[in-house]
Amino acid sequence: MHNFSIKLPVMLSKFSESTVMDSATFFQRWKQLNQNQQECQKIFKATQPIDKAAITQKLIGFGVGAIDSIDPNPDNYVAAAIIHTRAQQIGCLLRLEPNIQAEMYRLTVRSTKEMASKAFCELLESQF
């Protein structure tokens, strides 16, 4: 038997399932993911005009569930997903903060696995 490691163009989002939770549950889990390696944060320039409907559609298409009325700032987006692998399930939480005046975003992703935080962050950054 042989094992080969091959890089394929497989998107992480194909293995993610959106999940919904209330504010208390979200912030409890957010605070539990407090290790540096569990968080990835990027600040970047918007590549397209910042449009609320388009942002929501992109998040849904990426396989994360946008959760309304959690963030104190109504312009921000909060979402959650579970990444399913053969061996485990990885919880991911994210916060996307658009700055319309500066045409920039701050994206923060926290997950139980460092690799998932970084991968989600990089893939989402390329969408906005």
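Below, all heavy atoms of this structure are taken into account, side chains as well, without hydrogens, waters or symmetry copies. The structure displayed is predicted, hence computed values, not measured ones.
How far CG of D22 is from OG of S69: 12.0 Å, rounded to the nearest 0.5 Å. Taking CD1 of I83 as the reference point, atom NZ of K113 lies at 11.5 Å (rounded to 0.5 Å). Going from atom CZ of R95 over to atom CG of N76 covers 5.0 Å, rounded to the nearest 0.5 Å.
No donor-acceptor distance shorter than 3.5 angstrom exists from the side chain of Q57 to the backbone of A53, with no hydrogens or angles considered. Without hydrogens or angle criteria, R106 side chain to E97 main chain gives no donor-acceptor distance under 3.5 Å. Formation of a donor-acceptor pair under 3.5 Å by the S117 side chain with backbone atoms of S111 is found in this model.
Residues K58 and F128 come closest through the heavy atom pair CD-CE2, 3.8 Å. Nearest heavy atom pair, residue L123 against residue F62, reads CB-CZ, 3.5 Å. Counting all heavy atoms, side chain and backbone alike, I50 lies closest to I55 at CG2-CD1, 3.8 Å. Heavy-atom minimum distance, A81 versus T19: N-CG2, 3.7 Å. Minimum interatomic distance between I67 and M21 (heavy atoms only, all atoms of both residues): CG2-O, 3.4 Å.
Two residues are said to be in side-chain contact when any heavy atoms from C-beta on lie closer than 4.5 Å; L93 and V78 fail this criterion. You'll find the side chain of E122 reaches within 4.5 Å of the side chain of K42, heavy atoms only. Using a 4.5 Å heavy-atom threshold, the side chains of F27 and I70 count as touching. Side-chain contact between E39 and L33: absent, with no pair of heavy atoms (C-beta onward) separated by less than 4.5 Å. Side chains of Y105 and T47 form no contact here, defined as non-hydrogen atoms less than 4.5 Å apart. Contact check for V64 versus C92: no side-chain heavy atoms found under the 4.5 Å cut-off.
In the displayed structure, N36 atom CG is contacted under 6.0 Å by at most 12 heavy atoms of other residues, nucleotides or ligands. Applying the 6.0 Å contact sphere to NZ of K31 captures no more than 12 heavy atoms from other residues, nucleotides or ligands.
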* Just do the side chain to side chain contact (heavy atoms under 4.5 Å, CB included) check on D75 and K52 with the steps written out, would you? => CA-CA 8 Å; D75 292 333; K52 289 184 76 100; 4.0 Å; yes
* To do: Please test L107 against Y77 for side chain to side chain contact (heavy atoms under 4.5 Å, CB included), starting from the C-alpha separation and ending with a verdict.
  => CA-CA 9 Å; L107 172 64; Y77 296 84; over 6 Å; no
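With salt bridges taken as basic N to acidic carboxylate O contacts below 4.0 Å, one links K118 and E114.
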